[in-house]
Number of protein chains: 2
Amino acid sequence: MKPADISLTACSYTHVLEIISNKWTALVIYSLEEGTIRYGEIKKRIEGISQKMLTQTLRQLERDGLVTRKVTPSVPPIVDYTLTPLGKTLIPCMKMLKEWAAEHYPSVQQARVSYELSEENGEVRQLES
Amino acid sequence: MKPADISLTACSYTHVLEIISNKWTALVIYSLEEGTIRYGEIKKRIEGISQKMLTQTLRQLERDGLVTRKVTPSVPPIVDYTLTPLGKTLIPCMKMLKEWAAEHYPSVQQARVSYELSEENGEVRQLES
DNA sequence: CGGGATCCTGCATGATACTG
DNA sequence: CAGTATCATGCAGGATCCCG
């Protein structure tokens with residue numbers, strides 16, 4: 001019985017989601033978990049990502065201090081990306097999300113199927129006195 | 001040195017984010033943490049949410065088996081929402097995200113400020129041999 | 001009170017072409 | 001190789017009005 005007090009901009013949940021809830025961010029971090037890799041390597045690892053989205057995602061992560069970008073000015077150029085110490089603190093969180101999904105996502109899928117089924121039928125039947 | 005193997009649709013990270021990464025979902029779950037409350041109560045608690053978005057978010061959560069909707073057909077009607085056991089399994093995850101934000105989000109904000117500052121100046125200076 | 005139905009808008013994402 | 005630039009688009013999200 002609290003007062004009205006959950007603010008979008010103030011809530012911590014929102015702050016994390018603001019960082020990792022983009023379509024590709026989580027996958028990019030995932031690809032960097034094991035250490036430093038090159039731009040092209042990331043792109044090869046993540047199925048279906050475009051250059052634009054990969055670059056954009058990496059820039060955001062760099063800007064947020066979660067990833068380090070190292071340019072070796074050769075021809076052709078080499079660009080390596082690494083998780084910063086701050087970035088690495090996200091790993092346990094991601095692992096937890098991963099475990100939750102592994103454990104409970106099947107239930108969610110099942111619930112969705114049931115939901116659609118009950119929609120096709122009469123659906124609203126509770127307490128039809 | 002793995003092969004190309006991170007798929008958006010197959011990755012567990014994505015599955016959780018698919019559920020909680022909407023603008024309001026996390027806040028709605030948060031408002032339900034303490035137990036059953038009514039539609040109007042949720043709306044009062046979450047600053048700035050519209051009826052449409054609240055209803056839509058609750059429907060998704062219901063469809064995913066995370067929330068129970070109980071209608072008491074009186075005039076005016078009473079509708080209560082409760083986290084299901086499955087929904088409650090999300091709480092520890094959310095708490096972890098919350099803690100991460102509390103601990104590390106200030107660093108992210110700081111990184112953003114630094115990033116903008118270095119943009120205003122010369123920015124690309126690394127190894128300008 | 002607790003919605004449903006509609007219309008509108010911006011931003012996230014994507015496809016394509018070019019470059020140092 | 002590792003991008004930048006431009007253009008196109010679809011859907012999340014918001015505003016508004018109506019209803020049992």
Side-chain angles (χ1 to χ4, degrees), chain A residues 4 8-9 14 17-28 31-32 36-64 67-82 119 123-124 126-129, chain B residues 4 8-9 14 17-28 31-32 36-64 67-82 119 123-124 126-129:
Chain A
L8 187 67
T9 51
T14 315
L17 294 176
E18 171 193 326
I19 296 174
I20 61 166
S21 78
N22 311 322
K23 186 167 182 182
W24 302 104
T25 304
L27 297 187
V28 170
S31 73
L32 291 170
T36 302
I37 65 175
R38 296 180 58 172
Y39 181 93
E41 266 303 307
I42 306 178
K43 189 163 190 313
K44 268 187 278 181
R45 284 238 231 150
I46 303 179
E47 187 186 315
I49 195 170
S50 64
Q51 307 110 327
K52 179 187 170 181
M53 282 295 106
L54 178 52
T55 301
Q56 183 176 305
T57 305
L58 285 167
R59 286 290 125 79
Q60 269 163 202
L61 288 171
E62 194 195 354
R63 170 194 133 159
D64 290 348
V67 155
T68 303
R69 181 180 128 108
K70 197 184 89 183
V71 182
T72 306
S74 57
V75 182
I78 295 171
V79 184
D80 298 295
Y81 291 93
T82 315
E119 265 190 330
E123 68 205 83
V124 191
Q126 12 110 43
L127 294 182
E128 47 184 341
S129 57
Chain B
L8 187 68
T9 51
T14 316
L17 294 176
E18 171 193 328
I19 296 173
I20 60 168
S21 77
N22 310 322
K23 186 168 182 181
W24 301 104
T25 304
L27 296 186
V28 170
S31 75
L32 290 171
T36 300
I37 64 176
R38 295 180 59 174
Y39 181 91
E41 265 303 306
I42 306 178
K43 188 161 189 315
K44 267 188 278 180
R45 283 237 230 151
I46 303 179
E47 188 186 315
I49 195 170
S50 64
Q51 307 111 326
K52 177 188 170 183
M53 286 331 287
L54 178 53
T55 300
Q56 184 177 304
T57 304
L58 285 167
R59 286 290 125 80
Q60 271 162 202
L61 288 171
E62 194 194 354
R63 171 193 133 158
D64 290 348
V67 155
T68 303
R69 181 179 128 108
K70 197 183 89 181
V71 182
T72 306
S74 56
V75 183
I78 295 172
V79 184
D80 297 295
Y81 291 92
T82 316
E119 264 190 330
E123 67 203 85
V124 191
Q126 13 110 43
L127 296 182
E128 47 185 340
S129 56

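Chain naming here is simple, since letters A, B, ... match the order of the sequence lines and numbering starts at 1 in each.
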Discussion item. Among D/dA2, C/dT13, C/dG2, which nucleotide has an atom closest to any side-chain atom of A/Y39?
Written reply: D/dA2

Worksheet item: Can you tell which of D/dA2, C/dT13, C/dG4 lies closest to the side chain of A/V79?
Response: D/dA2

Response to the item:
The side-chain hydrogen bond (donor to acceptor under 3.5 Å, both in side chains) partners of B/T68 (sequence neighbours excluded) come to none

Fill in: Residue list, side-chain hydrogen bond (donor to acceptor under 3.5 Å, both in side chains) with B/S74, at least two apart or on another chain
none

Protein-nucleotide distance ([X], atom [atom1]; [N], atom [atom2]), rounded to Å:
X     : N      : atom1 : atom2 : value
B/E18 : D/dC11 : CD    : P     : 15 Å
A/R69 : D/dC1  : CZ    : C1'   : 12 Å
A/K43 : D/dT4  : NZ    : C1'   : 15 Å
B/K70 : C/dG2  : NZ    : P     : 13 Å
A/Q60 : C/dT13 : CD    : C1'   : 12 Å
B/Q56 : D/dT16 : CD    : C1'   : 16 Å
B/I78 : C/dG2  : CD1   : C1'   : 11 Å
A/D80 : D/dA2  : CG    : P     : 8 Å

Item to complete: Check salt bridge (charged side-chain N to carboxylate O under 4.0 Å, His left out) between A/R38 and all other residues, then give those that pass, not counting sequence neighbours.
Response: none

Response to the item:
By salt bridge (charged side-chain N to carboxylate O under 4.0 Å, His left out), A/R63 pairs with (sequence neighbours left out) none

Practice prompt. Working to the nearest 0.5 Å, report the span between CD of B/Q60 and CD1 of B/I19.
Written response: 10.0 Å

Item to complete: Would you indicate, yes or no, if C/dG3 has its OP1 or OP2 atom less than 4.0 angstrom from a side-chain nitrogen or oxygen of B/R59?
Response: yes

Discussion item. Is there a side-chain contact between B/R38 and the phosphate of C/dC1, meaning an N or O under 4.0 Å from OP1 or OP2?
Written reply: no

By side chain to side chain contact (heavy atoms under 4.5 Å, CB included) - contacts of [X] (at least two apart):
X     : value
A/I42 : A/S31, A/L32, A/I37, A/I46, A/L54, A/L58, A/Y81
B/T57 : B/W24, B/T25, B/V28, B/L61
A/K52 : A/S50, A/Q56

Discussion item. Which heavy atom of A/I49 sits nearest to which heavy atom of A/M53, and what is that distance?
Written reply: CG1-CB, 4.0 Å

Worksheet item: So what is the end-to-end bend of the helix from C/dC1-D/dG20 to C/dG20-D/dC1, with 5 pairs used at each end and the value given to 10 degrees?
Response: 50°

Practice prompt. Spell out protein contact along nucleotides 14-20 of chain C as letters: B when the base is contacted, S when just the sugar-phosphate is, - when no protein heavy atom is under 4.0 Å; keep the 5' to 3' order.
Written response: BBB---B

